Amino acid sequence: MTSSSSRLSPAYSSHPSLPASSRLRPRSRGPVTFPLPRFLKAVAVVFALLATTGWTARQSHDVPPNAWVAALAAWEEDTFAGRELPDAGARPDRVAAFFASLSPGERHRLADRHPLVVGNLGGVPVTLRYRANRAALAEAVRRERERRVDPRFSEAGRHLAGRRMNRFLSLRGEGRRILAFDPTGLGRAAEVFGDLENAERISVVVPGADVDLLTFERTRMKYAAPSGMAEALHAQQGRSAPAVRSATIAWADYTAPRGVSVDTATGELARAGADRLRDLLAALPGEGGIALMCHSYGSVVCGLAAGDLPERVTDIAVAASPGVRAGSARDLGEDVRVWAMRTPDDWIGDVPHLRVAGIGHGADPMSESFGARRLSTGGATGHIDYFVPGTRSLENLAAVGTGAYHSAELR
C-alpha cells in the first residue's frame, strides 16, 4: 500500500489546521474598482487585524495526540477477509461498493476494528458511520479521562481534557447520530437530525468562525452553535412542511478560523473547508435535493465550493455573510437559487465588502446588484440569532430547505 502522505485526501488531512495547497483553486474575478474612502477603510481593517492578532495567531494548549494519523496507519496496514481495504481517499462509490460486498456482521466487525476511519469515510452506510463514531467517541472519552489526571500535562491541559471528555460523553448521548468525528487538535464533527437515508430534502448547516468540538453545542446561546442551529432548523422544517421528509446536518467538519484574525479575513481555511464540503455532498445517500445554509464565514466556504457541486444542490442560503468570494449570485451556479439575509443590526454589515491583497471576501450578497433573493429576518437581532425559534429568519430558512419557496418572505 502507498504511504499515508500520498493517500490522504483533504477530507482526511492529518493536520486539521493545514489545508492541502495542492487543491487550492483561487478564482479570478478580474480587476476590482472601488471608491477611495472604502479602500482606506479596508486598509484600516487589515492593519487592525495584523496589530491585534498577528499573521499566525493560534490558541495554545497541551495538544492531544493525533488520533487520526494513528487510526489511518492501522487502516492502511490491515486487510479484511483476505482483501485490501479501500483507500481512505477513494471516491464514495468505490467505498460503497466495498462495504456492499460485506455481510452485515462483517461490516460491524470492520467498524469495531477501525471506528475512527469507518466513521469518517464517505460511501460507508450512514447507520454504520453512526455506530463507528459512537465507538470512536467511547475511545476518545477513555483517552481524555486518562489525560485529565495525568501529571505530565499542565493544569490547563488537564482542565481541557476534562472539558473534552464531557463533550464526547454528550455526543455519545442516546439517539444522537454523529456522521463525522475527529478529536485531532481542536476537533471536528457533524451530526444528523432526521432520516438521512430516506430524506426528500437535505439541509446542510455550514457554521462560521470559532467552531470546534467544544463549541459544537452550547447550553447557553444554544442556537449559535452548529448542533443547536441544525436542531432548530430541522424542527421548524417539520412544523412548516410536515409532508416533506427532511433531514438536517450540523456540519462542523472543517477547520474554522479563530476569532477576529487574519484567517477570518482570508480564504485559505475556507478553500480547505470547501474541499471537505464537496466531499460530504458527494457522499450523501439518496437523490433528494440539497440546500446549503451558510452562516458568517461558513458562507465563504459555501461560495468557494459553488461551481463544482452535485446537481442535487438546489439552493445556497447565506446569513450574516462577509461575502462569498463571488461577484454575483450567478457566479455560484446558473441552476442554483441563491438567498441572502442579514439583520439590520448585524455588525457584519459594517465590514468592507472588498478584496484587497487577499484580505476580504468580495461583493455584499445583500446588495441589489449581487442578485440574490433577499429574505426577511423579523425577530432576529445581531450576528447569531438567525436560527432562534420564532424568528422569521428561521422560518425562511426552513422554507428554502423544504423547497416551499412560496412561503419564503422576501425583504
Side-chain angles (χ1 to χ4, degrees), residues 167 170-171 173 176-177 189-194 201-242 244 246-252 256 259-260 264 291-302 315-322 339-351 365-366 372-405 407-411:
R167 171 63 67 243
S170 177
L171 291 175
R176 299 193 71 167
R177 301 177 176 94
E191 182 175 11
V192 174
F193 296 87
R201 296 281 302 183
I202 299 172
S203 296
V204 181
V205 175
V206 182
D210 290 319
V211 171
D212 55 42
L213 279 174
L214 291 180
T215 58
F216 182 74
E217 59 184 1
R218 297 174 184 265
T219 301
R220 296 180 57 198
M221 298 192 303
K222 175 179 178 178
Y223 304 111
S227 182
M229 290 177 175
E231 181 183 7
L233 179 59
H234 185 65
Q236 183 61 51
Q237 288 173 335
R239 290 190 292 269
S240 300
V244 177
S246 63
T248 307
I249 301 173
W251 188 78
V260 179
T264 313
L292 302 182
M293 308 294 183
C294 319
H295 179 255
S296 194
Y297 189 83
S299 68
V300 186
V301 176
C302 292
D315 299 87
I316 298 176
V318 300
S321 176
W339 311 78
M341 61 170 64
R342 185 169 66 224
T343 63
D345 59 346
D346 189 336
W347 60 263
I348 205 74
D350 295 326
V351 172
M366 286 297 294
R373 297 169 170 89
R374 292 175 291 180
L375 295 167
S376 65
T377 58
T381 59
H383 188 66
I384 60 175
D385 279 357
Y386 295 87
F387 291 82
V388 172
T391 59
R392 192 60 182 137
S393 55
L394 181 64
E395 294 170 356
N396 280 329
L397 291 172
V400 171
T402 56
Y405 306 119
S407 62
E409 181 178 286
L410 298 177
R411 201 174 92 167

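Because the structure is a prediction, the values reported are computed rather than measured.
In this structure a side-chain-to-backbone donor-acceptor pair under 3.5 Å is missing from Asp345 to Thr381. Checking side-chain atoms of Ser299 against main-chain N and O of Cys294 turns up no donor-acceptor pair under 3.5 Å. Side-chain atoms of Arg167 come within 3.5 Å of backbone N or O of Leu213 as a donor-acceptor pair. Under the 3.5 Å distance criterion, the side-chain polar atoms of Arg201 are left unmatched by any main-chain donor or acceptor of Ser246. Side-chain atoms of Tyr386 never come within 3.5 Å of backbone atoms of Thr391 as a donor-acceptor pair (strictly under, hydrogens ignored).
For Thr215 and Asp210, the side-chain atoms include no donor-acceptor pair closer than 3.5 Å.
The shortest non-hydrogen separation linking Ser170 to Glu217 is OG-OE2, 2.5 Å. When all heavy atoms of Ala380 and Thr343 are compared, the pair lying nearest together is O-CG2, 3.6 Å. Minimum heavy-atom separation, Ala247 to Gly194: CB-C, 4.3 Å. In plain terms, the two heavy atoms of Pro322 and Ser296 that are nearest each other are CD-O, 3.3 Å. The two atoms that bring Val211 and Ala252 nearest to each other are CG1-CB, 3.4 Å, heavy atoms only. Nearest approach of Ala230 to Ala250, heavy atoms of both residues: CB-CB, 3.5 Å.
The CG atom of Asp346 lies 10.0 Å from the OG atom of Ser321; values are rounded to the nearest 0.5 Å. Note that CG of Leu394 and CD of Gln237 are 8.5 Å apart. Values are rounded to the nearest 0.5 Å. The OG1 atom of Thr248 sits 9.5 Å away from the CD1 atom of Ile202 when rounded to the nearest 0.5 Å. With rounding to the nearest 0.5 angstrom, the CD1 atom of Ile249 is 10.0 Å from the CG atom of Leu292. Between Leu375 atom CG and Arg342 atom CZ the span is 13.0 Å, to the nearest 0.5 Å. The distance from the OG atom of Ser203 to the CZ atom of Phe193 is 12.5 Å, given to the nearest 0.5 Å.
Using a 4.5 Å cut-off on side-chain heavy atoms (C-beta onward), Tyr297 and Ile348 make no contact. Side-chain contact check for Arg411 versus Met341: every heavy-atom pair is 4.5 Å or farther apart. Considering only heavy atoms from C-beta on, Pro344 comes within 4.5 Å of Thr377 through its side chain.
Note: His383 and Trp347 have tilted aromatic rings, judged against thresholds of 30 and 60 degrees for the angle between ring planes.
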Show which side-chain atoms of residues 219-228 pair as donor or acceptor with protein atoms under 3.5 Å away, not counting sequence neighbours.
from	atom 1	to	atom 2	distance (Å)
Lys222	NZ	Glu231	OE1	3.2
Ser227	OG	Arg176	NH2	3.4
Ser227	OG	Glu191	OE1	3.0

Take Asn396 and Ser376, measure what side chain to side chain donor-acceptor pair (under 3.5 Å) needs, and give me the verdict at the end. CA-CA 8 Å; Asn396 280 329; Ser376 65; 3.2 Å; yes

Is there a salt bridge (charged side-chain N to carboxylate O under 4.0 Å, His left out) between Asp315 and Arg373? Walk through the geometry before answering. CA-CA 11 Å; Asp315 299 87; Arg373 297 169 170 89; over 6 Å; no

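Remark: Arg239 engages Ala235, Gln236 in a side chain to side chain contact (heavy atoms under 4.5 Å, CB included) (not counting sequence neighbours).
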